[in-house]
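Working notes for the structure below.
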Amino acid sequence: KQVEAMKRVLESLNLNIVEMIDENATLDGGDVLFTGREFFVGLSRRTNQRGAEILADTFKDYAVSTVPVHDALHLKSFCSMAGPNLIAIGSSEAAQKALKTMQQMSDHRYDKLTVPDDAAANCIYLNIPSKGHVLLHRAPEEYPESAKVFEKLKDHMLIPIANTELDKVDGSLTCCSVLINKTSEL
């Protein structure tokens, strides 16, 4: 089971684990967008209000805002962080409506990078000390117009990733990744 496998890995890294024991709560990682300042939680078929409340109780130092998700599997189906203050967002009506909700909920003004394809807005930003800003994004052969938008990010090292096969089972880039901030003890 996915949950048990992740729990074993996180325990082996001596990371703090918080378990949701409320059987009425649902929270999918694909619905949790952490900006570095706050959390946006998509309310979707996979995440409910109770799950968002438990996240807020767990991370009391951060604001947690909920965003209704319509016409998509989850929040990160059409948005993700593409830089420290940069939200990549798809062009669909559902994506733009969610972005408007996030902008209304937040006291902070984020920069936005709008891509033509919702699926391409799901990218992975890394800040690697020896490399700087690194962005894994969908390959040009999959989403050529969106790739052109990413190529305008001149201060990022861009790494295109083909994801066609995993896409067939709703596996986007962030779904297939667990990012752990490695410290010298690990």
Check your understanding: Centroid-to-centroid, Phe34 to Tyr62, below 6.0 Å?
Key -> yes
Check your understanding: Can you name the nearest heavy-atom pair linking Pro116 to Glu145, along with the distance?
Key -> CG-CB, 3.8 Å
Check your understanding: Can you tell if the side chain of Ile124 reaches within under 4.5 Å of the side chain of Ile159, non-hydrogen atoms only?
Key -> no
Exercise for review: Kindly indicate whether the side chain of Ser146, heavy atoms from C-beta on, has any atom under 4.5 Å from the side chain of Arg138.
Suggested key: no
Practice item. Might you point out which heavy atoms bring His133 and Pro84 nearest each other, and give the distance in Å? Key: CE1-CG, 3.8 Å
Review point. Under 6.0 Å from the CD atom of Glu141, do we count more than 12 heavy atoms belonging to anything else shown?
Key: yes
Revision key, fill the gap. Output for pair (Lys154 NZ, Lys152 NZ), nearest 0.5 Å, gives 9.5 Å
Review point. Do the non-hydrogen side-chain atoms of Ile87 and Met81 ever get within less than 4.5 Å of each other?
Key: yes
Exercise for review: With sequence neighbours excluded, tell me which residues meet side-chain hydrogen bond (donor to acceptor under 3.5 Å, both in side chains) with Asp71.
Suggested key: none
**Study point:** Glu23 atom CD, over 12 foreign heavy atoms within 6.0 Å
**Key:** no
Practice item. Please examine the side chains of Leu153 and Leu135, heavy atoms only from C-beta on, and report whether any two atoms are closer than 4.5 Å. Key: yes
Review point. Can Phe39 be reached from Val67 by stepping across I, L, V, M, F, W or Y side chains whose heavy atoms are under 4.5 Å apart?
Key: no
Practice item. Following the transitive rule for hydrophobic clusters with a side-chain heavy-atom cut-off under 4.5 Å over Ile, Leu, Val, Met, Phe, Trp and Tyr, establish whether Val18 and Met20 coincide in one cluster. Key: no
**Study point:** Carboxylate-amine/guanidinium contact Arg50 Glu53, below 4.0 Å
**Key:** yes
Practice item. Check whether Leu86 and Val115 end up in the same hydrophobic cluster, where Ile, Leu, Val, Met, Phe, Trp and Tyr are linked by side-chain heavy atoms less than 4.5 Å apart. Key: yes
Check your understanding: With distance as the sole test, does Thr47 use its side chain to make a donor-acceptor pair with the main-chain N or O of Ser44 at under 3.5 Å?
Key -> no
**Study point:** Ala121 backbone acceptor or donor facing Ser80 side chain under 3.5 Å
**Key:** yes
Point to revise | Heavy atoms of other groups near Asp107 CG, more than 12 under 6.0 Å | key: no
Point to revise | Pairwise side-chain contact, Leu99 with Cys79, heavy-atom cut-off 4.5 Å (strictly under) | key: no
Point to revise | Reported CD-to-CD1 distance for the pair Glu11 and Ile17, which is rounded to 0.5 angstrom | key: 4.0 Å
**Study point:** Minimum-distance pair of heavy atoms, taken over all atoms of Ala94 and Phe78
**Key:** O-CZ, 4.1 Å
Revision key, fill the gap. Closest non-hydrogen contact found for Cys123 with Ala82 is SG-CB, 3.9 Å
Review point. Is the backbone of Thr26 close enough, under 3.5 Å, to the side chain of Asn48 for a donor and an acceptor to pair up by distance?
Key: yes
Review point. Got a sec, which residues hit side-chain hydrogen bond (donor to acceptor under 3.5 Å, both in side chains) with Glu19, two or more places apart in sequence or on another chain?
Key: Lys7
Exercise for review: Please answer: with hydrophobic residues joined when any side-chain heavy atoms are less than 4.5 Å apart, are Ile161 and Ile128 in the same cluster?
Suggested key: yes
Review point. Looking at side-chain heavy atoms only, is the closest gap between Gln49 and Thr66 below 4.5 Å?
Key: yes
Practice item. State the NZ-NE2 distance between Lys97 and His70, to the nearest 0.5 angstrom. Key: 5.0 Å
Check your understanding: Rounded to the nearest 0.5 Å, how far apart are CG of Leu15 and CG of Leu10?
Key -> 5.5 Å
Exercise for review: Take Tyr125 and His156, measure what side chain to side chain contact (heavy atoms under 4.5 Å, CB included) needs, and give me the verdict at the end.
Suggested key: CA-CA 9 Å; Tyr125 169 75; His156 286 56; 4.2 Å; yes
Point to revise | Atom pair NZ (Lys60) and OG1 (Thr58), whose distance is rounded to the nearest 0.5 Å | key: 7.5 Å
Point to revise | Nearest heavy atoms of Ala52 and Leu27, plus distance in Å | key: N-CD1, 4.3 Å
Review point. Under a 4.5 Å cut-off applied to non-hydrogen side-chain atoms, are Arg45 and His74 in contact?
Key: no
Point to revise | Which atom of Gly90 lies closest to which atom of Asp118, heavy atoms considered | key: CA-OD1, 3.1 Å
Practice item. Using modelled atom types only, decide if a donor and an acceptor are shared between the side chain of Asn127 and the backbone of Val134 within a distance under 3.5 Å. Key: no
**Study point:** Backbone of Leu75 reached by a side-chain donor or acceptor of Asp31 within 3.5 Å
**Key:** yes
Point to revise | Asp117 side chain to Ala119 backbone, donor-acceptor under 3.5 Å | key: no
Exercise for review: Give the C-alpha distance, both sets of side-chain angles, the deciding distance and a yes or no for side chain to side chain contact (heavy atoms under 4.5 Å, CB included) between Thr114 and Gln96.
Suggested key: CA-CA 9 Å; Thr114 304; Gln96 291 298 309; 3.9 Å; yes
Review point. So His108 and Arg37, side chain to side chain donor-acceptor pair (under 3.5 Å) or not? Walk me through it.
Key: CA-CA 9 Å; His108 183 71; Arg37 297 176 166 272; 3.3 Å; yes
**Study point:** Test item: Ser65 and Ser106 side chains (from C-beta on) under 4.5 Å apart, heavy atoms
**Key:** no
**Study point:** hydrophobic_cluster_shared for Val69 and Val41, side chain cutoff 4.5 Å
**Key:** no
